[in-house]
Each structure stands twice: as C-alpha cells, then as structure tokens.
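Only one structure is covered here, and it is reproduced in the block below.
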2 protein chains.
Amino acid sequence: MTGTSNRSVERAFRIVDELAENGSGRVSELAERLDMPVSTVHNYLQALVSTGYVAVEDKEYSTTTRFLEVGHRQRHRLEVFKAVSDELQDIAAETGEHVTLLVEENDQCVIVAVQEGPDAVNLFAYPGARMPLHAAAPGKAILAHMPDDRVREIIDRQGLVEMTKQTITDPDVLFDQLERIREQGYAVDEGERIAGMVCLSAPVLDKGDRIRGAICVCGPQSRIDEARREEIADIVQRSANVTQVNLDYV
Amino acid sequence: MTGTSNRSVERAFRIVDELAENGSGRVSELAERLDMPVSTVHNYLQALVSTGYVAVEDKEYSTTTRFLEVGHRQRHRLEVFKAVSDELQDIAAETGEHVTLLVEENDQCVIVAVQEGPDAVNLFAYPGARMPLHAAAPGKAILAHMPDDRVREIIDRQGLVEMTKQTITDPDVLFDQLERIREQGYAVDEGERIAGMVCLSAPVLDKGDRIRGAICVCGPQSRIDEARREEIADIVQRSANVTQVNLDYV
DNA sequence: AGAACCATTCGACGGAGCCGAACGTTTACT
DNA sequence: AGTAAACGTTCGGCTCCGTCGAATGGTTCT
C-alpha cells in the first residue's frame, strides 16, 4: 500500500472512467476534460483500442462490451451469486418490491444483482452501483457480521458520510445498531440512504460464519407499514437461509 | 491505426485479461503465466488496485465489480438495448427457447442480452460473449445489412474460421446467403456455430437502414422442424419490427 | 476560398517505469 | 518446534519509453 504506482495505468483508467461516465467522447473533448495534452490522450486511446476495451466509430471513442464480459465472468464466480439463484426472483414476485443482492468490496457496498417486482419503484440501482456500507440496510447487515476492528478501520478510512438527515453519523449509534441487527437477524433502514425509502435486509453467511453478502428489499415508506415490515423481514431472512444452505452445497 | 502504443497500458490489460480468464491470481502465478518479472507484475497490480478495477484479498487478486458497472452503463446507452425492452422476454415465453440480442463490435458478433425460455438448452451464452460474424444466424443477419466492401474488409481481417463442419468458409457461398437473407428478411443457421443447434435471427435496422443489431432464437435441431422454423422466423421478424419502431421514437 | 477546428504524426528530451537483488513474511515439510 | 523453500514486498540505479510541442493533413464551417 505504498505510494508505488504507475502513471500510465492510472491515466488509462482515468480515460476509461471518463468514457464510462459520459458514454463517449472525442479526443480533444476528453483532453480538455481530463486536462491532458491532446496528443497524449490520442496515444492512450489508440493503446486502449488495441486492447479491445475501447472502440472508435467516426472519431467517437467509447467503452466496449469487454467490460460487460469481464464483469459477468467475475459475477459468475461469486459464489453468493450462484447460490442466490432464483431466490431474488421469488422475493420480487412475492413482495412486488425492488430486490437486490449486495456484497462488500473495497469498503463499499456493491449491488451484484437486481430483480424488480411488479410494483417496484424506479431506483437508480444497477449491477455495479456502489453505496457506503453504513448508510443502507444491506451495508449494516454486512458490517454487523464483520469483526469490530474491521468495522472501525472502514469508518476510519471512509468516514460516516451523511446521505440524508436520517443517516447514522455517530460511530456509537452505529455499533449499537449492529448489535441489534445481530440479535434480530436482519437490518432496517428508514430513509438513511434515500429519503422516503424503507429497506429490509438479511445477511448471507457461509458455514464459517463469514459474511458473504446481503439480500435486500426496498420500497416506499408509504407502502411499508409495521406489519408489512415484519412480513418482509421474515421473507428476506428465510431467503438468506436458503442461500446459505445452497452456498454450503456448491 | 499505426503501431503507436503504450506498453504500460497493454501490460495492464494483459493482466486484467488473465484475471478475467482465471478468476483470480497471485503475484508470482501471474508473473509466470504472463512471462513478466515478479516485481513488475506486483507494481502493476498495485496500480490496478488503486484504480479500483482490481481488488486484493489475502494476496489473491481479482477483477472488481467496476467492470460490471462500466459494462452496464455502456449497455444502457446502447439504444437497441433500450428499444428491445421486454421483447426478448416475450419471445422467450412464447417460444420457450434461448433468446439473445446481439450487436456488431470490432468485427465480431457480441451478445448484449440473454433471456432463457422455460425449455432453453444451456448454451455458454452470457452478455459480452463473442463469436465470429459469419458463423451464426445473427452475425449473418448483421453482415447482410452492411455495405459489401465492409463485409469484404471483415473477411480479410478475420477470415472465415471453421467452427463446425457446417460453417460457411467460402466467401462466395457467404455472399449468396447474405443476398437470400436480405430477400427473406431473416437468417438461419443449422449447426454452423454449434453442432446440433438451429438459430433463427432477424436484423434490427434504424430509419436510415443502418444495422443496429439482431434478435436471435436458438434451439436444438431435434425440436425445431420445418414448421416450427417458420413460426419462429415470423416471431423474430415481428419483434425486430417492433424494436425498430421503438428505436425511432426514443 | 479562407478560417477555424480537430485528429493524427513526428521526434527529441527527460523522467518514469523497469527489474535484479535484498529483505521480510508466510507456508510446507521434517 | 525448527528449518527450508516459496512467495510477497521494498529498494534504487539504469535505461528505455512515454511525453508533449509543433507540424501536418483532413474536415466543416462561414
């Protein structure tokens, strides 16, 4: 973790990030936005094209489906993903809401799979989308099953960023909640990440009790009252258990 | 398209490719497989980790979900993908078979979306998977709607690789078929890519008659006789038309 | 036809990447 | 437990390769 790095690699991926962000770009446009010399950007783009990760069409550069491919292969190797198989779909049908599978990666909470039920609200949720661990039900479910010092490290590095007025920003409050989550077996989040949304999430553990991910159901506060909340909590816990069993027999 | 390149970029992506291929890897393992000095690979991996595209856990390096994210964003911007919306699902339900959306990229035919019907055979098909254009129904549907000299260029660069005994390897035969495909509005492939599989595919064109992609249904030869073939051909053509209309109104 | 803009090529300079070797650390075997 | 082998990581000096200004060629305006 020393400062050792490689300028070219860093720059190449800054260009990729820029392309991913804005969909496509021309040489000079990118050069300006990234504050690099035009000829340099041109060189990088040529190099990227020759790798197959970037394509040109009429001087418009864009990322290729190679990213999809690499991403999908990687996802396929995530054992949780295999184990969760049709569970997500079942939950989506049963609850009608927005269902996701998330894992931890680089101190963040990442969506791995999305399944929208018939009544699902349109969230900005797609595979690969990231969010802070502390500011959402699945993230908290994951933190609850990590060693305390690991949690503290994450807080140190990432802080407890406020996403809405409900977001937990006090470490003590967070640790209290994590304890409760361990006791009751699932996590709740009431507008802590997105105002007006309630999320319920259960952790998926493997046989060594290591945390592998979390299953999450999200819906608007107006539709999810106390009773419904308990019902959904039961469903996600049941599914997490099924997944856990699948995980051990893969 | 000159030889101008960037060694660092090339090497960085060779490492990524290797990780994508084998799922994960350790420093020395990768160093040997890629025939690079250990310390060099170590440097690259550190650089890649700092970009967020690669992660380490217990000295095991692997690609991150960042690839999924970039891939999904890119796919979302593919207008065909938006336009095809629920069509794939409908076809999968109606035919029971394996349904895909494909586009051309870098002289190749790439799967963009997959929808498996209830009876679908388990093909090795995932978003991002690539195949030669000449050796499959969707590829031929796409070639049929490209300018002839563009097709010739592709043949020059890629050749007509033989994938099964049925694969078309003679340019003249190919050009004859492309003409027939234009006439009848859809393409057929009988075991040209995978022995024993029949695929039917219709091209999706935009209002400028530019080819944007192809919708494809695949199933085992045993199940798809003459009559069924016509039925499916009608379905994919109808869906391609719907998609085309959507495309113009997006 | 001229002007403005952009992509692409070229080449000389200098700093950044490179890798062998040394150092720690983990794993495997006795 | 002790030793050896294998591996990951750090270091630093040499050199090669990336860098970017300037020139070129092409395209799209007015």
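Residue numbers start from 1 in every chain, and the chains themselves are labelled A, B, ... in the order their sequence lines are given, proteins ahead of strands.
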For a 4.5 angstrom cut-off between non-hydrogen side-chain atoms, does B:Ile15 reach B:Leu45?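 They are in contact (side-chain heavy atoms under 4.5 Å apart), so the answer is yes.
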Can you measure [X] atom [atom1] to [N] atom [atom2] for me and round it to whole angstrom units?
{"X": "B:His42", "N": "D:dG12", "atom1": "NE2", "atom2": "C1'", "value": "16 Å"}
{"X": "B:Leu30", "N": "D:dT9", "atom1": "CG", "atom2": "P", "value": "12 Å"}
{"X": "A:Lys59", "N": "D:dT28", "atom1": "NZ", "atom2": "P", "value": "9 Å"}
{"X": "B:Ile15", "N": "C:dG17", "atom1": "CD1", "atom2": "P", "value": "14 Å"}
{"X": "A:Asn43", "N": "C:dA16", "atom1": "CG", "atom2": "P", "value": "17 Å"}
{"X": "B:Asp58", "N": "D:dG8", "atom1": "CG", "atom2": "C1'", "value": "13 Å"}
{"X": "B:Glu10", "N": "D:dG18", "atom1": "CD", "atom2": "P", "value": "9 Å"}
{"X": "A:Gln46", "N": "C:dT8", "atom1": "CD", "atom2": "P", "value": "7 Å"}

Smallest separation among heavy atoms of B:Leu143 and B:Val151, with atom names: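 For B:Leu143 and B:Val151, the tightest heavy-atom pair comes out as O-CG2, 3.6 Å.
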For a quick test of reading the model: is some side-chain N or O of [X] closer than 4.0 Å to OP1 or OP2 of [N]?
{"X": "B:Asn6", "N": "D:dT19", "answer": "yes"}
{"X": "B:Arg26", "N": "D:dC7", "answer": "no"}
{"X": "B:Arg11", "N": "C:dC19", "answer": "yes"}
{"X": "A:Thr40", "N": "D:dT19", "answer": "no"}

Report the relative orientation of the aromatic rings in B:Phe13 and A:Phe13; use parallel for angles under 30°, tilted for 30 to 60°, perpendicular for over 60°.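 Answer is parallel, since the angle falls under 30°.
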Nearest to the [X] side chain among [options], which nucleotide is it?
{"X": "A:Tyr61", "options": "D:dG8, C:dT8, C:dA16", "answer": "C:dT8"}
{"X": "A:Val38", "options": "D:dT19, C:dT8, C:dC19", "answer": "C:dT8"}
{"X": "B:Tyr44", "options": "D:dG21, D:dT10, C:dG17", "answer": "C:dG17"}
{"X": "B:Arg7", "options": "C:dA16, C:dA7, D:dC17", "answer": "D:dC17"}

Is A:Arg157 atom CZ crowded by more than 12 heavy atoms from other residues, nucleotides or ligands, each under 6.0 Å away?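 Buried by this count: over 12 neighbours within 6.0 Å.
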Hey, does B:Ser39 reach any base, or is it just sugar-phosphate, or nothing, if we go heavy atoms under 4.0 Å?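 The residue B:Ser39 makes base contact.
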Taking 4.0 angstrom as the limit, do B:Glu29 and B:Arg33 come out as a salt bridge?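 Looking at B:Glu29 and B:Arg33, the cut-off is met.
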How do B:Ser28 and A:Met36 order along DNA chain D: which one's closest nucleotide is nearer the 5' end?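 So the residue in question is B:Ser28.
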